[in-house]
Every structure is written in structure tokens, then in C-alpha cells.
Enquirer: 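Here it is, the structure, as C-alpha cells.
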Amino acid sequence: MQSQYPRVVADEFLPWPSKGKTCKDGWYPPGHGDIFPSLMNSGKLDLLLSQGKEYVFIANSDNLGAIVDMKILNHLIHKQNEYCMEVTPKTLADVKGGTLISYEDKVQLLEIAQVPDAHVNEFKSIEKFKIFNTNNLWVNLKAIKRLVEADALKMEIIPNPKEVDGVKVLQLETAAGAAIRFFDHAIGINVPRSRFLPVKATSDLQLVQSDLYTLVDGFVTRNPARTNPSNPSIELGPEFKKVGCFLGRFKSIPSIVELDTLKVSGDVWFGSSITLKGKVTITAQPGVKLEIPDGAVIENKDINGPEDL
């Protein structure tokens, strides 16, 4: 249902389809800020309103922690907030995440793409900017209709450079979070980190497939047996980058409830029922296939070959 815009050839500033790229690669979806006009143009907005719906909960599809929270919804209804952005405390892993600022008497979203190079390190500071946008958004449907009909959602354009088929192109996008300044009584709510559990890489997938998390009644729940409030830090080499390759290298996902850090590089394969604890580094030497045997328990070790197991 989303809009499609023509990619722009970067060195000529001309629409790529006008230069003959008329297939789907000549076009792009213009960012998640397009959700508001797309709801309207598709007819879904009027359908939801006709069903008596008042609010919509929007989240990134890869955020497994994004679930409906009735306490938040009740708060919005009671306070008549038209827009709510869930934010959560920033860690060193989230320094590029957008943050909320007060500007021109409005709550606004500041993205790293909008920050001049000279101030990027200041923006990344977890001391100065302590929260970041999870992109869990709650928005009043009648307010969306009012603003879209008035063409009032003038969100900042974010240039997104890409290379497609060897051609450098520009995608001009908008972000749904940037709409916060156009809604009445818009707020940010500081939520627990458990509501932000994105899966953007296979290292994230390993976390949620492990015994660190379980699925109960549709909710991804963290294992209470882990006492460390932070999740383990996992770095997997390029051999694990694609999901198919990642899954093929594990007979089963290791137990990581007591893991602090894991770094894997080279041609490494994991057996079943493996337990990893503390700080673990596993490195296969060039040209060598390193297999971690079934049932292995590895705690605070650097493994560089079979002799270290």
C-alpha cells in the first residue's frame, strides 16, 4: 500500500525511470514517514475509523519487543495525546539513534543525518542525549486524517544515498518519528529496554533464538535466570552474515544465559547442546574448518584450534 517514488541518479539529479530504468529497481518506497498518507490513500484510515478505532500502534517489523501495552494506551486516552513516541535509555550500541529535543516550543525528533559533521560526536554522547527513539509510535487516527487532508505533515527530507546495479542513486525519504511536532499534546514515554528488541543481523537472531528468550502467548520474554541486565555482546564473522549460512552452522543454538561476549571468526561450525559462558573468542585459522563438538561447555576461553577445546 506504500507510495513509490523514482530513484534519482546522483550525479545528474534526474529520475532514473526517465533514463530508461522503468523496472521496479528504478523506484523506491519513500521511508516509513509515508505511512500517514498511505493509510489515507489506501482507504485503510477511513475503514479503521468506520470500525470505531481511535489509535494505531506502529512499530518496525524487526522489533520483537514491540507489543501493545494497555497502560500506555489508557494514558494516551486519558491525557488526549494525539501522538506518543516510545523512547528508551541510550547505550553505546545505540549512539546513532534519533533523540527527542525541544525546539521552537515543540517536541521534535533529531536524527543523526540532520546533525552537522562538527557536532556528530556531541550527538552520540550518551551523557548529553540519554534517550533514543525505538520507533514504537502511538498515533490518533482522527488526527492523522486531519493533518493529511490539510497537507500539514511537512516532514524533513532525509537523503539516503545507495548504489543499485552499479549506479549511485539518491532516495529522498521521511521518518514517521519526525511527524511528532505536528500533533497536539505529543509526548515521549520512557519505556524499558525490553520493548526494543530489534533483529537486524544474525547476531541479533542468535540472541532471540537462544535460551536467553522464550515465546509465551505471543510475547518474547527474557529468561529471568540471566542476572546481568545487559544482553551478551555477539560478533559473528562474514561466514555467518546470511541467515541460511548462519542456520547451517549451528546444529542448535548454544545456551548463552551466562555469556558476556562472543566473537567468532573463520570457518566455525557448532554442534548441539553447547554452552557458552563469560568471555569467549573462537577463531578458525585460514583454510581450517573448526568444529565445536556436541555438549561442549566453553567458559572464558580463546579458542584458536581443536587443541584448545
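Remember, it's a predicted structure, so these values are computed and weren't measured experimentally.
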Enquirer: Can Lys279 and Asp302 be counted as an ion pair, charged N to O under 4.0 angstrom?
Expert: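 Between Asp302 and Lys279 there is no salt bridge, as every charged N stays at least 4.0 Å from the carboxylate O atoms.
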Enquirer: May I ask you to say whether Arg249 pairs ionically with Glu239, meaning some side-chain N is under 4.0 Å from a carboxylate O?
Expert: no
Enquirer: Going by side chain to side chain contact (heavy atoms under 4.5 Å, CB included), Phe240 matches just one of Leu205, Ile234, Val264, Leu247. Which one?
Expert: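 Going through Leu205, Ile234, Val264, Leu247 one by one, the side chain to side chain contact (heavy atoms under 4.5 Å, CB included) with Phe240 is satisfied by Val264 alone.
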Enquirer: Quick one: are Asp267 and Gln285 in side-chain contact, heavy atoms under 4.5 Å?
Expert: no
Enquirer: On a heavy-atom basis, which atom in Ile35 and which in Ala176 lie closest, and how many Å separate them?
Expert: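 Heavy-atom minimum between the residues: CG2-CB, 4.4 Å.
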Enquirer: Could you tell me if the side chain of Phe270 sits less than 4.5 Å from the side chain of Lys251, heavy atoms only?
Expert: no
Enquirer: Nearest 0.5 Å, please: how far is CD in Gln171 from CD1 in Ile158?
Expert: 12.0 Å
Enquirer: With side-chain contact (heavy atoms from CB on, under 4.5 Å) as the criterion, how do Thr221 and Leu215 come out once you've worked through the C-alpha distance, each side chain's angles and the decisive distance to 0.1 Å?
Expert: CA-CA 6 Å; Thr221 305; Leu215 190 65; over 6 Å; no
Enquirer: Side-chain contact, heavy-atom cut-off 4.5 Å: Leu76 with Ile187?
Expert: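 Touching, per the 4.5 Å side-chain cut-off.
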Enquirer: Side chain of Gln2, backbone of Gly31: donor and acceptor closer than 3.5 Å?
Expert: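 Pair found, side chain donor or acceptor close to backbone of Gly31.
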Enquirer: Is there a path of hydrophobic side-chain contacts, each under 4.5 Å between heavy atoms of I/L/V/M/F/W/Y residues, joining Tyr5 to Leu14?
Expert: no
Enquirer: Can you tell me if His32 and Asn60 form a side-chain donor-acceptor pair at under 3.5 Å?
Expert: no
Enquirer: Regarding Trp27 and Asp25, is there a side-chain donor-to-acceptor distance under 3.5 Å anywhere?
Expert: no
Enquirer: Please report the closest heavy-atom contact between Leu100 and Met85, naming both atoms and the distance.
Expert: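 Closest heavy-atom pair between Leu100 and Met85: CD2-SD, 3.6 Å.
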Enquirer: If you compare all heavy atoms of Ala186 against all heavy atoms of Val107, which two are closest, and at what distance to 0.1 Å?
Expert: O-CG2, 4.2 Å
Enquirer: Can you see which heavy atom on Glu156 is nearest to which on Thr174, and at what distance?
Expert: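 So the two residues come closest at O-CG2, 3.7 Å.
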Enquirer: Side-chain donor-acceptor pair under 3.5 Å between Asn231 and Arg193, yes or no?
Expert: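 Per modelled atom types, Asn231 and Arg193 side chains form no pair under 3.5 Å.
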Enquirer: Could you tell me which non-hydrogen atom of Ile131 sits nearest to which non-hydrogen atom of Thr99, and how far apart they are?
Expert: O-OG1, 2.9 Å
Enquirer: Ignoring hydrogens and angles, tell me if any N or O in the side chain of Asn74 forms a donor-acceptor pair with the backbone of Met70 under 3.5 Å.
Expert: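 Yes, the answer is positive, given that a donor and an acceptor are paired below the 3.5 Å cut-off.
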Enquirer: Hydrophobic clustering (ILVMFWY, side-chain heavy atoms < 4.5 Å, transitive) - are Ile112 and Leu109 grouped together?
Expert: no
Enquirer: To the nearest 0.5 Å, what is the distance between CG on Leu290 and OG1 on Thr283?
Expert: 8.5 Å
Enquirer: Could you walk me through whether Phe182 and Tyr83 pass ring pair (Phe, Tyr, Trp, His ring centres under 6.0 Å), step by step?
Expert: CA-CA 9 Å; Phe182 299 105; Tyr83 186 109; 9.8 Å; no
Enquirer: Between His185 and Glu82, is any pair of side-chain heavy atoms under 4.5 Å apart?
Expert: no
Enquirer: What is the distance from atom CD1 of Ile253 to atom OG of Ser273, rounded to the nearest 0.5 Å?
Expert: 12.0 Å
Enquirer: Does the pair Asp184 and Arg146 meet the rule for a salt bridge (charged side-chain N to carboxylate O under 4.0 Å, His left out), with working shown?
Expert: CA-CA 11 Å; Asp184 293 337; Arg146 181 186 79 239; 3.8 Å; yes
Enquirer: Does Val257 share a hydrophobic cluster with Phe250, counting links as ILVMFWY side-chain heavy atoms below 4.5 Å and allowing steps through other members?
Expert: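 Per the 4.5 Å side-chain linkage, Val257 and Phe250 are not co-clustered.
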Enquirer: For a 4.5 angstrom cut-off between non-hydrogen side-chain atoms, does Val208 reach Leu64?
Expert: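 Yes, side chains in contact.
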Enquirer: Given the rule in the salt bridge (charged side-chain N to carboxylate O under 4.0 Å, His left out) test, do Lys142 and Glu54 qualify, once you have shown the distances and angles that lead to the verdict?
Expert: CA-CA 7 Å; Lys142 288 180 181 177; Glu54 294 183 33; over 6 Å; no
Enquirer: Do Tyr55 and Trp138 make the cut of ring centroids closer than 6.0 angstrom?
Expert: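 No, too far apart.
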Enquirer: Answer yes or no for Arg7 and Trp16: cation-pi contact, defined as NZ/CZ to six-membered ring centre under 6.0 Å and angle to ring axis within 45°.
Expert: no
Enquirer: What pairs with Gln206 under side-chain hydrogen bond (donor to acceptor under 3.5 Å, both in side chains), at least two apart in sequence or on another chain?
Expert: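 Partners of Gln206 under the side-chain hydrogen bond (donor to acceptor under 3.5 Å, both in side chains) test: none.
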Enquirer: Can a donor-acceptor pair be found between the side chains of Asp94 and Thr91 at a distance below 3.5 Å?
Expert: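 Yes.
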Enquirer: Is it the case that one hydrophobic cluster holds both Val8 and Val167, taking links as side-chain heavy atoms less than 4.5 Å apart, direct or via other members?
Expert: no
Enquirer: Do Glu86 and Ile72 come within less than 4.5 Å of each other through their side chains, counting heavy atoms only?
Expert: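 Yes. Closest side-chain heavy atoms under 4.5 Å.
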Enquirer: For the backbone of Pro198 and the side chain of Asp62, can you confirm whether one donor and one acceptor N or O come within less than 3.5 Å of each other?
Expert: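 Judged by distance alone, no pair lies under 3.5 Å.
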Enquirer: Does a salt bridge link Asp11 with Lys168, judged by any charged N lying under 4.0 Å from a carboxylate O?
Expert: no
Enquirer: Might you work through the salt bridge (charged side-chain N to carboxylate O under 4.0 Å, His left out) test for Lys21 and Asp165, ending with a clear yes or no?
Expert: CA-CA 11 Å; Lys21 192 70 169 180; Asp165 293 341; 2.8 Å; yes
Enquirer: Can you tell me if CD on Glu12 sees more than 12 non-hydrogen neighbours from other groups inside 6.0 Å?
Expert: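 More than 12 within 6.0 Å, yes.
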Enquirer: Between Lys145 and Asp46 (salt bridge meaning N to carboxylate O under 4.0 Å), is one present in this structure?
Expert: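 Salt bridge present between Lys145 and Asp46.
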Enquirer: Give a yes-or-no answer on whether the side chains of Lys106 and Gln108 include a donor-acceptor pair shorter than 3.5 Å.
Expert: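 No, no side-chain donor-acceptor pair sits under 3.5 Å.
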Enquirer: Please test Glu111 against Lys96 for salt bridge (charged side-chain N to carboxylate O under 4.0 Å, His left out), starting from the C-alpha separation and ending with a verdict.
Expert: CA-CA 8 Å; Glu111 299 273 17; Lys96 293 183 179 180; over 6 Å; no
Enquirer: How about Asn63 and Asn136: does a side-chain donor come under 3.5 Å of a side-chain acceptor?
Expert: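 Looking only at side-chain atoms, Asn136 and Asn63 do form a donor-acceptor pair, the distance falling under 3.5 Å.
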Enquirer: Quick one: do the Ser255 and Asp211 side chains pair a donor with an acceptor below 3.5 Å?
Expert: yes
Enquirer: For the OG atom of Ser272 and the CD1 atom of Ile292, what is their distance to the nearest 0.5 Å?
Expert: 12.5 Å
Enquirer: Report yes or no: is the cationic atom of Lys90 (NZ for Lys, CZ for Arg) under 6.0 Å from the centre of the six-membered ring of Phe123, at an angle within 45° of the ring normal?
Expert: yes
Enquirer: Can you list every pair that meets ring pair (Phe, Tyr, Trp, His ring centres under 6.0 Å) and has a residue in residues 204-234, with sequence neighbours left out?
Expert: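 Residue pairs with at least one partner in residues 204-234: there are none.
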Enquirer: Examine Ile67 and Val216 and state if one hydrophobic cluster contains both, with Ile, Leu, Val, Met, Phe, Trp and Tyr joined whenever side-chain heavy atoms are less than 4.5 Å apart.
Expert: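 Different clusters.
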Enquirer: What's the shortest heavy-atom distance between Leu153 and Ala179, and which atoms?
Expert: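 What the structure gives for the nearest pair is CD2-CB, 4.3 Å.
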Enquirer: Between atom NZ of Lys79 and atom CG of Asn81, what is the distance when rounded to the nearest 0.5 Å?
Expert: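 So the NZ of Lys79 and the CG of Asn81 are separated by 8.5 Å.
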Enquirer: Could you tell me whether Arg226 and Glu258 have a side-chain N and a carboxylate O separated by less than 4.0 Å?
Expert: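 No salt bridge links Arg226 with Glu258.
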Enquirer: Which is it for Leu137 and Phe57 under the side-chain contact (heavy atoms from CB on, under 4.5 Å) test, yes or no, and what are the steps along the way?
Expert: CA-CA 6 Å; Leu137 309 172; Phe57 177 54; over 6 Å; no
Enquirer: For residues Ile282 and Val280, determine if any side-chain heavy atom of one lies less than 4.5 Å from a side-chain heavy atom of the other.
Expert: yes
Enquirer: Do Leu276 and Ile274 come within less than 4.5 Å of each other through their side chains, counting heavy atoms only?
Expert: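 Yes, at least one pair of side-chain atoms sits under 4.5 Å.
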Enquirer: State the CD1-SG distance between Ile189 and Cys84, to the nearest 0.5 angstrom.
Expert: 3.5 Å
